[in-house]
Structures are given as structure tokens and as C-alpha cells.
Amino acid sequence: MNRIRKTITILILIIMSISLYSCKQSTKEVTTNDKSILKGKVTIWAANRDVALLNEEAQLFKKKNPQVDINIVTSDINAAEDNLSKNLKDKSKLPDMITLEDNDIPSIVDKFKDNLLDADSTSGFKSSGYDKYQIHNSTYSGKIYAFPWYVDPVFMLYREDLLEGINVKSEDIKYWNQYINIGAGPVKAAGKGMLSLDYFNNSVLYDIGLNQLGINYFDSSNNLDLENSIKPAQLLFDSYSNKILYDDSKIGGKLDAFANGDTLSLVCDLATLYNIQNKYPGLTGKLNVEKLPAFEPGGNRDAVEFGENIMALKNASQNKAAMEFIKYVTTDDESSSLEFEKYGYITANISAYSNIKLYKTSSFYKNKSLGRIAIDQVNGLQNIKYNKYFTQIRDTIQSTIIDTSAANGDLKQNIYNVQNGFETSNTMK
């Protein structure tokens, strides 16, 4: 009997030990799992063009991380600068990150570099994994002050069907002087315009010319040098003086002018190509997408309208949710697919270029792969180091080009006058 009792007692003790161990393990698993769940709040000050994309990327991110709250506030670069200055001074609420174009980076770095996170110091970041164009522009004194996000490549789209009618093949247009001459010759003779006027009001040709040539208005010694900017200025000037433009203001814009056959080419990005495909199905097989013309034989034909970046403040380094969101939008295939397929952007993360979705062909555009052409554009971009005076100089020269064309003046001399004006003023001191 004693033996039976002893046996029962031992069994009870064993069962209690097992139960106790199981409870401890269960508690440990809950604790461990709780720690692995990503939580927190992320605040982003975003340019208007990025808000819709960020909202979609935030929703995709939240499906995987439902306990992360992402607050996206619309803020242009001027408002971001003003609010950063105020909030840093008052030590009030700061965002984890802001979005900004390449040419806005130097101004933010100049004013707030002590409050910005060095991307290269963050876990998992490798500068070699991003396009060199944006990394170069974001690097100051060995620190990378922005996470490259995406770029907006530009192309030349031709009405191939109508050009063939005047014995011109768009694939043979390799240089800008050819482009101007064709516009001033057979295209004008056919009663057509080579390009819609509103593009020039927005200075797109001049801007992409600067990007093609890698011009930032300063030499290697950081001295103002407008000599090289004469080439893209001359392109815009010649476009005016040769009257290759078509005023589309009376018919509803550049796309209608192009679709109606009033203009025979468009400088456009992927989003515009998508829009044309959806809006004008009757143009299937009639168009040809080419790289931009070069300025000279062997010259660069690759350019982007802009590159977009995410700049994180130092406080973001203490917010795991913020750092994981940056990693998601700049490196994840799901994110890069959304950027390409819906918004027409190419991710700056070159490791994502193996994503098969980027290489689909389009029957509308003669079975060309728009993604392949765009990626080739990104790989060929010139390194540009923007500076905080870039936009001011660019706007001044653009006005000079327009005024000089209207007066049939001396473009080179007037650009030299612009340089002299900047050098003798206190603008850049």
C-alpha cells in the first residue's frame, strides 16, 4: 500500500513539474512573440506628388505590421524647411522623415545636417545597392544624408506613323540638332509641330538637357561656371527661333495635340506613356519610344525629370517602425512593383532590377519593354552634385533664354551677363 501511495505521489509530482514547465514555456513564447511584433508610430512629411504612393505603400506595410501607425502629412520643401527650423528651435514634434527631390537635398543638408541621420550608419544599408547618381548627390563629407527612393526617367515618344509619311524614321534621330532640323524642315512643311508649347513653358527640355550633361552650374573648385549650361540653353533657344513648337492651348493640352497628329513627338515619362495607352487605344502600333537625342556623337542620351529621396532625422534611428518602413519602401519588391506598374517610377534600389515585373513587354508600344528602357536610362545617368543655389540660377537662366529669344538677342553674351550678375552680387556669399 505504501508503495502504491509512493508511486502515486511521484506521478503527481512529475505531472505538476511538466505543467509548470509548460506554463513557463508558454509565458516565454508569448513574451518573445510580443517583442517580435513591430509597433509604433511613423510620421512623414511628404511632397504632394508622393502622398498617394506613400498611402498605398503604408497600407501594404500595415498588412504585415498591423500595429504600426503611419501618419503622412503633405508638406512641400519650403514648408518642410520652415517647420524644421521652428520645431527644432522649440523642441516640438518632429517627423521621422521627409521626402524631397535631388536638387533640394543640398539646402536641407546645409541647414540641418547636425539633425539628419547618416543612411550609411543604419543597419543593412549598402550604398552600392542604389543608383550611383542619387548616392553621389546625397553624400557630403563622407556621410549619406538621404535614402534614394525612386527616379522618373524621361523618353522621346514619336508618332512613327506620321513621320514615315514624310520619310523620317524616329530611330534615326540621334542628336538634338537633327531633331531641331527635322522639326524646322519636313515636319513644319507638313503643317505640323515637333513639340507642344506647354513643355517649354515648363522648361522641360532645358532641365533634361542639364540632367543629360550632368550640369550643376559650378566647376570642380566650386566656382560658378555657366559655360557648359549654354548647350541646353541653346537647345531651348533654337526650339523657339526655329518655330518647331505647336501651341496646344486651344485644343486641350499636349496629349490631345499628339493624339490628333498636330505634334509628332513628346518628351514624356512612364506615367505619361501609361496615360496615352489607356486614353488613346487607337494609337496602338503607331508610336515609337526612343531615348532622348544626344548633344553630340557618343553623347549621353539618358536623363530623369527628377529623383526622389527619403531623408530621415536622427530621432528616427530610435524608432524601429520608422526604419523598417524606410527599408520597405526603398528595397522591397512589392513596393518597387507598385511604383513601376501604377506610378511609372523606377526604384533607386538596383538589386530590385531582377524583378521580372519590370520587364513586361507592351503590345501598344510595338512589344517594347518600357521597364528595360527605363532601367537602362537609370544605369546611364550622369553624376550631378546639386547645390543650394541651383534652382535660383536655373530660373534666372530660363527667363534669360525666353527674353533673348523674343528679342532675337545674343544668348551666349546674355548668359555671361547672368554669371557676372551673380558674381558681383551678394546672392551667393
Side-chain angles (χ1 to χ4, degrees), residues 38-51 53-55 57-58 61 68-125 127 130 134-150 216 218 222 306-330 348 385-393 395 426-429:
L38 190 63
K39 301 178 181 179
K41 183 175 182 179
V42 180
T43 300
I44 309 169
W45 291 355
N48 185 63
R49 64 183 164 274
D50 294 326
V51 171
L53 171 58
L54 279 172
N55 274 318
E57 291 183 325
F61 185 78
V68 174
D69 180 27
I70 300 176
N71 181 32
I72 301 167
V73 180
T74 304
S75 176
D76 65 27
I77 192 62
N78 293 323
E81 282 194 32
D82 292 342
N83 289 328
L84 281 175
S85 296
K86 179 180 181 299
N87 292 9
L88 284 167
K89 183 179 180 180
D90 298 343
K91 297 183 179 180
S92 53
K93 183 63 178 176
L94 292 168
D96 294 290
M97 65 196 80
I98 64 174
T99 70
L100 71 174
E101 288 188 26
D102 295 324
N103 58 10
D104 291 320
I105 287 176
S107 178
I108 299 295
V109 171
D110 181 64
K111 294 178 181 178
F112 307 109
K113 60 179 177 291
D114 292 338
N115 304 102
L116 302 176
L117 183 63
D118 176 7
D120 208 25
S121 69
T122 61
S123 175
F125 181 87
S127 60
Y130 297 85
Q134 286 177 283
I135 290 293
H136 177 78
N137 183 58
S138 301
T139 303
Y140 293 83
S141 302
K143 293 184 178 181
I144 302 174
Y145 284 100
F147 296 82
W149 184 13
Y150 66 78
N216 75 343
F218 287 79
N222 209 30
F306 66 94
E308 197 74 350
N309 308 267
I310 294 177
M311 185 175 278
L313 275 72
K314 283 184 177 179
N315 56 281
S317 65
Q318 305 302 314
N319 184 349
K320 186 177 180 181
M323 299 312 298
E324 286 298 315
F325 185 69
I326 291 175
K327 182 179 179 181
Y328 173 76
V329 300
T330 60
K385 189 72 141 188
Y386 289 102
N387 57 79
K388 60 184 179 180
Y389 303 111
F390 179 85
T391 301
Q392 181 182 4
I393 297 170
D395 291 347
N426 293 320
T427 304
M428 295 187 294
K429 294 181 181 180

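Here Leu94 contributes atom CG and Lys86 contributes atom NZ; the two are 11.0 Å apart, rounded to the nearest 0.5 Å. Going from atom CD1 of Ile310 over to atom OH of Tyr150 covers 9.5 Å, rounded to the nearest 0.5 Å. Interatomic distance, Asp104 CG to Thr391 OG1, rounded to the nearest 0.5 Å: 6.0 Å. Ile105 CD1 to Phe390 CZ: the interatomic distance, rounded to the nearest 0.5 Å, is 13.0 Å. Summarising the geometry, atom CZ belonging to Phe147 is positioned 7.0 Å from atom OG1 belonging to Thr330; distances are rounded to the nearest 0.5 Å. Taking CE of Met97 as the reference point, atom CE of Met323 lies at 7.5 Å (rounded to 0.5 Å).
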Could you give me the CA-CA distance, side-chain angles and deciding distance for Leu53 and Val329, then say whether side-chain contact (heavy atoms from CB on, under 4.5 Å) is met? CA-CA 10 Å; Leu53 171 58; Val329 300; over 6 Å; no

Show, in sequence, the C-alpha distance, side-chain angles and deciding distance for Leu38 and Phe61, and conclude whether the side-chain contact (heavy atoms from CB on, under 4.5 Å) test is met. CA-CA 11 Å; Leu38 190 63; Phe61 185 78; 3.8 Å; yes

Go through it in stages, so that I can follow the logic: the residues are Ile144 and Tyr130, the test is side-chain contact (heavy atoms from CB on, under 4.5 Å), and I'd like the CA-CA distance, side-chain angles, deciding distance and then a yes or no. CA-CA 12 Å; Ile144 302 174; Tyr130 297 85; over 6 Å; no

Test side-chain contact (heavy atoms from CB on, under 4.5 Å) on Phe325 and Leu54; report intermediate values, then the result. CA-CA 10 Å; Phe325 185 69; Leu54 279 172; 4.1 Å; yes

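The heavy-atom pair separating Gln134 from Ala348 by the smallest distance is OE1-CB, 3.1 Å. Taking each heavy atom of Leu117 and Ser317 in turn, the nearest pair found is CD1-CB, 3.9 Å. Thr99 and Ala46 get closest at one heavy-atom pair: OG1-CA, 3.4 Å. Residue Ser75 comes nearest to Trp45 through the heavy atom pair CB-CB, 4.0 Å, listed as atom of the first residue, atom of the second, then distance. Across Ala58 and Ile70, no two heavy atoms sit closer than the pair CB-CD1, 3.8 Å. Taking all atoms of both residues into account, the shortest heavy-atom contact from Glu101 to Arg49 is CG-NH2, 3.0 Å.
A side-chain donor from one of Asp102 and Asn309 sits under 3.5 Å from a side-chain acceptor of the other.
The side-chain heavy atoms of Leu84 and Pro95, taken from C-beta on, include a pair separated by under 4.5 Å.
Exactly one of Lys314, Lys111, Met311 qualifies for a side chain to side chain contact (heavy atoms under 4.5 Å, CB included) with Leu116. That residue is Met311.
Among residue pairs with one or both ends in residues 135-146, none qualify as side chain to side chain donor-acceptor pair (under 3.5 Å); sequence neighbours excluded.
Without hydrogens or angle criteria, Asn83 side chain to Ala79 main chain gives a donor-acceptor distance under 3.5 Å. No donor-acceptor distance shorter than 3.5 angstrom exists from the side chain of Asp76 to the backbone of Ala47, with no hydrogens or angles considered. At distances below 3.5 Å, not a single donor-acceptor pair connects side-chain atoms of Asn216 with backbone N or O atoms of Asn387.
For Asp82, there are no side chain to side chain donor-acceptor pair (under 3.5 Å) partners, not counting sequence neighbours.
In Lys385, the NZ atom is crowded: over 12 heavy atoms of neighbouring residues, nucleotides or ligands sit closer than 6.0 Å.
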